[in-house]
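This report refers to the structure that appears directly beneath it.
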Amino acid sequence: MTIFFKNSQIQIYRRRRKGSSDRYGMSATFTAYNADIQPATPERIELVQGRFGATFTAFVDATVDIKEGDQVLTEDNKRYSVKGVQKWQNAGLLDHIELVLVSQDA
């Protein structure tokens, strides 16, 4: 069950090692997830030392495997870097994950 309104479908990219070398690259997890991406509040922007128009808050299901440092690509080719991940569970809440995203396009 979700508590957010889907306004985007995202694909997650994670930094992975290329073969046995010391080189790394971003590769897709090949799964699309529903997400609600909204502009961040002024308080959130100040907290993460972000910029207006480039910092966003997103909500995804609690089952999504996402970590700080991942990148998110929307279906309209907007790319975001994941700067924060907060899991909300129990405490009378419906389980979900709240993300802090920084636009890579701005």
Side-chain angles (χ1 to χ4, degrees):
M1 175 186 268
T2 59
I3 64 163
F4 54 87
F5 297 101
K6 173 208 172 284
N7 65 6
S8 294
Q9 199 165 47
I10 62 171
Q11 189 171 30
I12 300 169
Y13 285 78
R14 185 158 293 148
R15 186 173 180 227
R16 295 193 174 129
R17 178 176 277 196
K18 290 183 178 181
S20 61
S21 69
D22 288 337
R23 296 184 340 196
Y24 289 85
M26 299 301 280
S27 62
T29 60
F30 297 110
T31 305
Y33 298 102
N34 292 329
D36 179 17
I37 301 174
Q38 302 294 327
T41 63
E43 295 82 8
R44 173 67 55 98
I45 293 170
E46 184 177 337
L47 182 68
V48 300
Q49 299 176 349
R51 295 185 340 247
F52 284 97
T55 306
F56 296 85
T57 301
F59 301 92
V60 295
D61 255 352
T63 59
V64 175
D65 179 29
I66 192 163
K67 302 173 185 175
E68 287 185 33
D70 287 351
Q71 289 188 359
V72 169
L73 183 68
T74 63
E75 70 271 8
D76 55 352
N77 289 324
K78 291 182 182 175
R79 187 173 293 272
Y80 302 92
S81 179
V82 180
K83 187 168 185 172
V85 176
Q86 177 67 48
K87 295 183 179 183
W88 294 93
Q89 297 176 336
N90 304 324
L93 300 172
L94 294 173
D95 297 349
H96 67 282
I97 299 174
E98 185 176 346
L99 307 170
V100 176
L101 303 177
V102 177
S103 176
Q104 298 299 304
D105 302 328

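Remember, it's a predicted structure, so these values are computed and weren't measured experimentally. Along the sequence shown, residues are numbered consecutively beginning with 1.
Within the 4.5 Å cutoff, the side chain of Ile10 has heavy atoms near those of the Ile37 side chain. Annotation: side chain of Val60 is in contact with side chain of Leu99 (closest heavy-atom distance under 4.5 Å). Between Val82 and Tyr80, every side-chain heavy-atom pair lies at or beyond the 4.5 Å cut-off. Side-chain contact check for Asn7 versus Gln38: some heavy-atom pair is nearer than 4.5 Å.
Within 6.0 Å of atom CD in Glu46, 12 or fewer heavy atoms from other residues, nucleotides or ligands are found, so the atom counts as exposed in its surroundings. More than 12 heavy atoms of other residues, nucleotides or ligands lie within 6.0 Å of CD in Glu75, so this atom counts as buried by the packing criterion.
The two residues Lys83 and Val102 come nearest to each other via the heavy atoms CD-CG2, 3.9 Å. Residue Gln11 comes nearest to Ala28 through the heavy atom pair NE2-CB, 3.8 Å, listed as atom of the first residue, atom of the second, then distance. Closest of all the heavy-atom pairs between Asp95 and Gln89 is OD1-CA, 3.3 Å.
Under the side chain to side chain contact (heavy atoms under 4.5 Å, CB included) criterion, Lys87 pairs with Ile97, not counting sequence neighbours. Partners of Tyr13 under the ring pair (Phe, Tyr, Trp, His ring centres under 6.0 Å) rule, at least two apart in sequence or in another chain, do not exist in this structure. With sequence neighbours excluded, the residues forming a salt bridge (Lys or Arg N to Asp or Glu O under 4.0 Å) with Arg44 are Glu98, listed by chain and number. For Asn77, there are no side chain to side chain donor-acceptor pair (under 3.5 Å) partners two or more places apart in sequence or in a different chain. Residues passing the side chain to side chain donor-acceptor pair (under 3.5 Å) test with Ser8: none are found, sequence neighbours excluded.
Looking only at distances, no side-chain donor or acceptor of Asp61 sits under 3.5 Å from a matching main-chain atom of Asn34. Side chain of Asp70 to main chain of Arg14: no donor-acceptor pair is present (N/O by atom type, distance under 3.5 Å, no hydrogens or angles).
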Exercise for the section: Would you please test Ile12 and Val64 for side-chain contact (heavy atoms from CB on, under 4.5 Å) and show each step? Expected result: CA-CA 10 Å; Ile12 300 169; Val64 175; 3.6 Å; yes
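Members clustered with Phe52: Ile45, by chain and number, using a 4.5 Å side-chain heavy-atom cutoff among hydrophobic residues.
Taken from NZ in Lys67 to CZ in Arg15, the straight-line distance is 13.5 Å, to the nearest 0.5 Å. Of the inter-residue distances, the one linking Leu101 atom CG with Ile66 atom CD1 reads 7.0 Å to the nearest 0.5 angstrom.
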